[in-house]
Number of protein chains: 2
Amino acid sequence: MSEEILSPRMQRLRDSGYKLTHARITVLKALERGGGHMTSTELLDEVEALDSGIGRASVFRALDLFTRLSIVRPTYIDSSVTPTYVLMPDGHHHHIICTQCSRVIEFEDCGLGALTHTLEERLGVRLTGHLLEFYGLCSDCKDQPVREE
Amino acid sequence: MSEEILSPRMQRLRDSGYKLTHARITVLKALERGGGHMTSTELLDEVEALDSGIGRASVFRALDLFTRLSIVRPTYIDSSVTPTYVLMPDGHHHHIICTQCSRVIEFEDCGLGALTHTLEERLGVRLTGHLLEFYGLCSDCKDQPVREE
DNA sequence: CTTCTAATTGAGATACTGTATCACTTGAGA
DNA sequence: TCTCAAGTGATACAGTATCTCAATTAGAAG
């Protein structure tokens, strides 16, 4: 395998003391294909398409590991039954979730670099990433009353 | 019932056109007792303790409604199977999650008021709340290598 | 390259959480 | 008080994540 070109994420895996296994690499590829937002079901399908030999358990184990490494982050967008896994390219991600129609609007600038630094110094922690979510009504839902579907 | 003293949250419920039912009030009380972070299981237990006549379905329905009103927000702190419901007193909440031991450290100031305003103007949305999560290692886990338990 | 070993995996049974259904009850406006 | 849409409780059901364990594998050492 062409292991000479390791993506930064795979590098991070190895540097943290984890093995660079076929299953983990495949899950990472599937996540990257998904465009950043994927439910576990969508991910399982994508992994299945890439390599049908990989078991469910390994996919969930990889997700769990990636979460701990801030490569990915589960969040609740639509259903409470299935988290959506958000890929965090540089350890962070920001979006707006419409609480009416579940539309997700992403945005880039958050200006949280300074706060990250302040928190690390003040609390003695080591921060590897962050997720900023705003909730509200998108431009389409804004003028409709808040009601159940 | 002493309905004369309505908490701001209950007021928000009614103002949005929802009935102020016994089940919803009880779920809100249980959430407030829980100190702000509760899994659905913990919440079900707490509601059971307050009034054993309330059914599971109503608790989940209330959570769903409260989520849409930004009274509460589910987030995945520990396991991906059970979201933790975070009470958002003023529509927003901020915390740091240790990806090693799952400890949650809360902090107050986020300085996101200006960004909220900018986003509303630029994107034409109506924002009712936000959740800011930082991930990393707490002061206790910082010096240990990243490993599975 | 071969050996070695702890880490990791795959399969599927299992556990558990959230949802759907439906007859009954209730909040709140008239 | 009356009325009825909104909401509820019970429970069966659906679907997702976990657990277990024998088999496999990544990567270090020789």
Side-chain angles (χ1 to χ4, degrees), chain A residues 1-4 6 10-11 13-28 38-45 47-48 50-68 72 74 76-85 145-149, chain B residues 1-4 6 10-11 13-28 38-45 47-48 50-69 72 74-85 145-149:
Chain A
M1 218 168 285
S2 61
E3 297 202 17
E4 287 157 41
L6 282 181
M10 294 187 188
Q11 196 67 54
L13 257 189
R14 182 179 280 179
D15 291 349
S16 300
Y18 295 99
K19 288 185 181 173
L20 224 54
T21 66
H22 177 59
R24 286 171 180 164
I25 292 169
T26 306
V27 171
L28 213 38
M38 286 180 105
T39 63
S40 59
T41 309
E42 288 164 354
L43 181 61
L44 285 167
D45 288 347
V47 169
E48 168 83 17
L50 288 172
D51 183 343
S52 60
I54 292 175
R56 289 173 169 51
S58 293
V59 175
F60 284 106
R61 279 186 287 236
L63 279 176
D64 193 58
L65 176 59
F66 295 169
T67 298
R68 251 175 303 123
V72 110
Y76 172 113
I77 287 181
D78 204 349
S79 144
S80 47
V81 138
T82 310
T84 297
Y85 290 85
V146 181
R147 287 268 91 212
E148 305 209 31
E149 299 285 274
Chain B
M1 217 170 286
S2 61
E3 294 203 15
E4 288 158 39
L6 283 179
M10 295 186 190
Q11 196 69 53
L13 258 187
R14 181 180 281 179
D15 292 349
S16 299
Y18 295 100
K19 288 186 182 171
L20 223 56
T21 67
H22 177 59
R24 286 173 180 163
I25 292 169
T26 306
V27 171
L28 213 38
M38 286 181 104
T39 63
S40 59
T41 309
E42 289 163 352
L43 181 61
L44 285 167
D45 288 348
V47 169
E48 167 84 15
L50 288 173
D51 181 344
S52 60
I54 294 174
R56 288 182 207 299
S58 293
V59 176
F60 283 108
R61 281 187 287 235
L63 279 175
D64 194 58
L65 175 60
F66 295 168
T67 299
R68 253 175 302 124
L69 294 174
V72 111
T75 183
Y76 297 92
I77 288 181
D78 205 349
S79 140
S80 49
V81 104
T82 309
T84 297
Y85 292 85
V146 182
R147 288 266 91 214
E148 306 209 29
E149 299 286 277

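Residue numbers start from 1 in every chain, and the chains themselves are labelled A, B, ... in the order their sequence lines are given, proteins ahead of strands.
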Inset, instruction - Identify which nucleotide among C:dG18, C:dT26, C:dT9 has an atom closest to any side-chain atom of B:K19, counting heavy atoms from C-beta outward. - result: C:dT26

Inset, instruction - Please tell me which of the listed nucleotides, C:dG18, D:dG9, C:dG10, lies nearest to the side chain of B:I54? - result: D:dG9

Inset, instruction - Under 4.0 Å between any heavy atoms, over every strand shown, what does B:A57 touch: base, sugar-phosphate, or nothing? Just pick one. - result: base

Inset, instruction - May I ask you to verify whether the side chain of B:R14 and the base of C:dG27 hold a donor-acceptor pair under 3.5 Å? - result: no

Legend entry - For atom NE2 of B:H22 and atom C1' of D:dA6, their distance in whole Å: 17 Å

Legend entry - D:dG15 phosphate, OP1 or OP2, under 4.0 Å from A:T82 side-chain N/O: no

Legend entry - Side chain of A:L20 (C-beta onward), nearest among D:dG27, D:dT8, C:dT8: D:dG27

Inset, instruction - In whole angstrom, give the distance that lies between atom OH of A:Y76 and atom P of C:dG18. - result: 9 Å

Inset, instruction - Please determine if a side-chain N or O atom of A:T21 lies less than 4.0 Å away from the OP1 or OP2 oxygen of C:dT9. - result: yes

Inset, instruction - Could you state the atom-to-atom distance from CG of A:D51 to P of D:dT24 in whole Å? - result: 16 Å

Inset, instruction - Nearest whole angstrom, please: distance from the P of C:dT26 to the CD1 of B:I25. - result: 14 Å

Legend entry - Listed nucleotide nearest any side-chain atom of A:R24, set D:dT16, C:dT9, C:dT17: C:dT9

Inset, instruction - Taking only the side-chain nitrogens and oxygens of A:R61, find out if one of them lies under 4.0 Å from OP1 or OP2 of C:dT8. - result: no

Inset, instruction - Indicate whether OP1 or OP2 belonging to D:dT16 is found under 4.0 Å from a side-chain N or O atom of A:T41. - result: yes

Inset, instruction - Would you classify A:P83 as touching base, sugar-phosphate or nothing, given that sugar-phosphate means primed atoms plus P, OP1 and OP2, and contacts are heavy atoms under 4.0 Å? - result: sugar-phosphate

Inset, instruction - State, to 0.1 Å, how close A:T82 and B:Y76 come at their nearest heavy-atom pair, and which atoms those are. - result: C-OH, 4.2 Å

Legend entry - Where B:L13 and B:L69 come nearest, the two heavy atoms and their spacing: CD2-CD1, 3.6 Å

